[in-house]
Number of protein chains: 2
Amino acid sequence: MKRLNKIREIMKENFLDAFLINSPYNKFYLANLYSNSGYLLITRNNQYALVDSRYYVQVKENAKEFNVIEISKERTIFDFLNEVIKKESIKKIGIEGDNLTYDNYMKLAENVKVVFLSISLDSLRAIKTSEEIEKIRTAAQIADKAYKHILSFVKEGMTEKQVERELVRYIKECNGDKESFDIIVASGERGALPHGKASEKIIKRGEFVTIDFGVNYNNYCSDMTRTFLLGEAYNKEMIKIYEIVKKAQWEAVKSVKEGITASYLDSIARNIIEKEGYGKNFGHNLGHGVGILVHEYPIIGKGNDIFLEAGMIITIEPGIYIEGLGGVRIEDDVLVTEEGFEVLTNSDRELISVKG
Amino acid sequence: MKRLNKIREIMKENFLDAFLINSPYNKFYLANLYSNSGYLLITRNNQYALVDSRYYVQVKENAKEFNVIEISKERTIFDFLNEVIKKESIKKIGIEGDNLTYDNYMKLAENVKVVFLSISLDSLRAIKTSEEIEKIRTAAQIADKAYKHILSFVKEGMTEKQVERELVRYIKECNGDKESFDIIVASGERGALPHGKASEKIIKRGEFVTIDFGVNYNNYCSDMTRTFLLGEAYNKEMIKIYEIVKKAQWEAVKSVKEGITASYLDSIARNIIEKEGYGKNFGHNLGHGVGILVHEYPIIGKGNDIFLEAGMIITIEPGIYIEGLGGVRIEDDVLVTEEGFEVLTNSDRELISVKG
């Protein structure tokens, strides 16, 4: 019920009589329903789950505090909304405009004559409960274990895809449900692609390899990146940028605490990288929240002046990318606490050279 | 270039000067870019990929026929659109209103002063090329192999989750990239949940088990369902509904050919199930297209009067679900051909009782 109260607070702040929720992650957060299909309608005094026959039994079992309404061609979502609007004197309904499609909005607006207002629910899931933190902590620990395993697994001549597959297999062996997103394995020059998904490229001796992956455990994600070296380093600039990224990352991690702003945290890492002349090679934000989704509110970046609060879990992941040469990124999941921080991913941040 | 021509035809039909594409699957289909971020802009004579620095190198490599434009805070998507609109005299731009969010639409409409028109691109990917068919064929063959494996793997006392994990592991062993969606393993009474994802429920002797899964191979999906029996059947009604579903499914499969409508195909299976008195227990559509997404255009269901065309790949998946008892579903992927059909998934459709 606490989670529903958060929605009702948002309704009050925005003078809404109801909120119509359609994003799968918020439906999961509030009613244990992870599906693109169906809506939740939260009114001042009631909460309804509007689902078709496929989900009816499941939602009745899993979301006891909801009135579960079966939606069909005979009783559409519009029919139901119009009934409730009349019965509960609803004038203004919040919608998730960052998730609801333009087409679905237009259909709503045509069929249901109330005021719809797009209100961001981004921050709804930002502060994690202790149960949520426990799940993410486990997801992070599995990621650490899997990374250690992969360092002993990777051999010269393997493809990036082979490394990816072993990682996915091992995550499940460690009781992780699955990878939390398509794994990035970017070796050699491909390291310059911040989002370089594992390819058929063969990993060669002397190359730096960036692995960015996460574990989904009980519907919660971890997200971690490390760059390691296969064999000996042939390139001094790569060693140099590794040390810069490592320093920038750790200085930012150490600065995490309740009350600082996201943009300030970003600037700590960014200033270090800029001072070394690589500012233009760090083209993305420092990090982001992590939870049910691997990318959640808040963005840790320039211009985002929200304050960090205890219970948020964020990534800190600076990188330097040089076209034609390669790249380095180091990323940890960090829990914001009242006193400061707790790092949930704890794989070694020193440059590791694996024999391979 | 053929694929771009399809977009330009849609532009002509709808009197559009350009189309702005934001769905990840259409960006992948047209420009090999599988990401939520970034846009493609197709104008009468040019095509642009608008991406941030993370994707710039990658798109330049993978989508040679596109002009790749780096979008940043200094040159936003709106800046760029306004430039092109002026340069190419654009008055009307198509948008993917079934994918573009309401919020993003509102920002576009505020910052870019042209007419935007929501046009469905649903049918864009409906007819598969021979290369696409080959990929889906392979994805289907791996699914068949994996299902055979799972029949010998499943034992009394295992949880549904254990079966799911072995299936995922084995798919990768067979060179599949991953499962094409969260696998459904629904045993015993849970079989009444058409979307019952694998749970911690233990599979018991005498239970029917429905497995609905697919393989993602080179970004193309297969989708298949079988229901089998662990040990001996204790329930005559379950045997009865199995035979009804089997008959309904196969009669529909045999009817597939170019030129019939989706709704007609649905009615073939539905009539058989209704005649046996289980119409209300078959609450979903008969099937759907399958391709880059596991659910694609067209919907094979009541009221959808589109004609099947050669080169479409659709699922045929009737089911009967009885709360408190269980359920049965049988699903195949079927290629529509000029002469008729080719079934891509070929696992046995007879009721199999595994020793377990």
Side-chain angles (χ1 to χ4, degrees), chain A residues 23 34-37 52-58 60-61 70 72-73 95-109 116 118 120 161 164-166 168-169 172-173 175-179 182 189-190 192-198 280-284 295 302-303 319 321 323-324, chain B residues 23 34-37 52-58 60-61 70 72-73 95-109 116 118 120 161 164-166 168-169 172-173 175-179 182 189-190 192-198 280-284 295 302-303 319 321 323-324:
Chain A
S23 69
Y34 213 125
S35 166
N36 279 315
S37 152
D52 66 38
S53 62
R54 292 173 303 172
Y55 295 95
Y56 186 76
V57 178
Q58 185 170 334
K60 246 171 102 173
E61 260 174 38
E70 189 172 329
S72 64
K73 280 172 193 164
I95 53 172
E96 295 183 275
D98 54 356
N99 196 275
L100 189 71
T101 63
Y102 170 77
D103 284 355
N104 281 338
Y105 167 77
M106 291 303 283
K107 278 181 223 154
L108 261 182
F116 291 103
S118 172
S120 172
K161 278 264 183 202
E164 178 199 21
R165 285 180 185 184
E166 177 62 12
V168 170
R169 189 197 66 75
K172 283 171 205 282
E173 190 174 313
N175 236 357
D177 289 311
K178 56 180 170 184
E179 66 277 25
D182 283 354
E189 289 186 23
R190 289 193 81 247
L193 306 173
H195 280 216
K197 283 182 198 170
K280 66 177 189 318
N281 303 93
F282 173 29
H284 57 73
H295 290 129
K302 257 194 230 182
Y321 313 94
E323 221 181 308
Chain B
S23 69
Y34 213 127
S35 165
N36 279 313
S37 153
D52 67 36
S53 62
R54 292 173 303 172
Y55 295 95
Y56 186 76
V57 178
Q58 186 171 333
K60 248 171 99 172
E61 259 174 39
E70 189 172 330
S72 64
K73 280 171 194 165
I95 52 172
E96 294 182 276
D98 53 356
N99 196 276
L100 189 69
T101 63
Y102 171 77
D103 283 357
N104 281 338
Y105 167 77
M106 290 303 283
K107 279 181 223 154
L108 261 182
F116 290 103
S118 173
S120 172
K161 278 263 182 205
E164 177 198 21
R165 284 178 186 184
E166 177 62 13
V168 170
R169 188 198 67 74
K172 283 171 207 282
E173 192 176 310
N175 238 356
D177 288 311
K178 56 182 169 182
E179 65 276 27
D182 284 354
E189 288 187 24
R190 290 194 78 247
L193 307 172
H195 279 216
K197 283 181 196 168
K280 65 179 189 318
N281 302 95
F282 173 29
H284 57 72
H295 291 131
K302 256 194 231 181
Y321 313 95
E323 221 182 308

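Residue numbers begin at 1 in each chain, while the letters A, B, ... track the order of the sequences.
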Query raised in the report: At a heavy-atom separation under 4.5 Å, does A/Asp52 approach chain B through its side chain, its backbone, both, or neither?
Result: neither
**Report entry** Basic-acidic side-chain contact under 4.0 Å: B/Lys172, B/Asp177
**Finding:** no
Requested in this report: Please look at A/Lys302 and chain B and tell me whether the side chain, the backbone, both or neither of the residue comes under 4.5 angstrom of a heavy atom of that chain.
Outcome: both
**Report entry** Side chain / backbone / both / neither for A/Glu323 at chain B, heavy atoms under 4.5 Å
**Finding:** side chain
Report task. Quick one: which of B/Lys178, B/Met106, B/Glu179, B/Arg169 has the most heavy-atom pairs under 4.5 Å with chain A, could you say? Result -> B/Lys178
**Report entry** Heavy-atom side-chain contact between A/Leu108 and A/Leu100 under 4.5 Å
**Finding:** yes
Report summary line: Most heavy-atom pairs under 4.5 Å with chain B, out of A/Gly303, A/Gly97, A/Ser72, A/Ala192, belong to A/Gly97
Query - Segment of A/Asp98 engaging chain B (4.5 angstrom heavy-atom cut-off) - result: both
Query raised in the report: Side chain, backbone, both or neither: which part of A/Asn281 has a non-hydrogen atom closer than 4.5 Å to chain B?
Result: neither
**Report entry** Heavy-atom proximity to chain B below 4.5 Å, by part of A/Glu96
**Finding:** neither
Requested in this report: Classify the ring geometry between B/His195 and A/Tyr55 as parallel (under 30°), tilted (30 to 60°) or perpendicular (over 60°).
Outcome: perpendicular
Requested in this report: Measure B/Asn36 against the heavy atoms of chain A and call it side chain, backbone, both or neither at under 4.5 Å.
Outcome: neither
Query raised in the report: By a 4.5 Å heavy-atom criterion (distance strictly below it), what part of A/Tyr321 contacts chain B: side chain, backbone, both, or neither?
Result: neither
Query raised in the report: Hey, what's the ring geometry for B/Tyr105 with A/Tyr102, parallel, tilted or perpendicular (30° and 60° as the breaks)?
Result: tilted
Requested in this report: For atom NZ of B/Lys60, decide whether the heavy atoms of other residues, nucleotides or ligands shown that lie under 6.0 angstrom number more than 12.
Outcome: no
Query raised in the report: Tell me, do A/Val168 and A/Glu173 make a side-chain contact under 4.5 Å, heavy atoms counted?
Result: no
Requested in this report: Kindly compute the distance separating OG (B/Ser35) from CG (A/Asp182), expressed to the nearest 0.5 Å.
Outcome: 11.0 Å
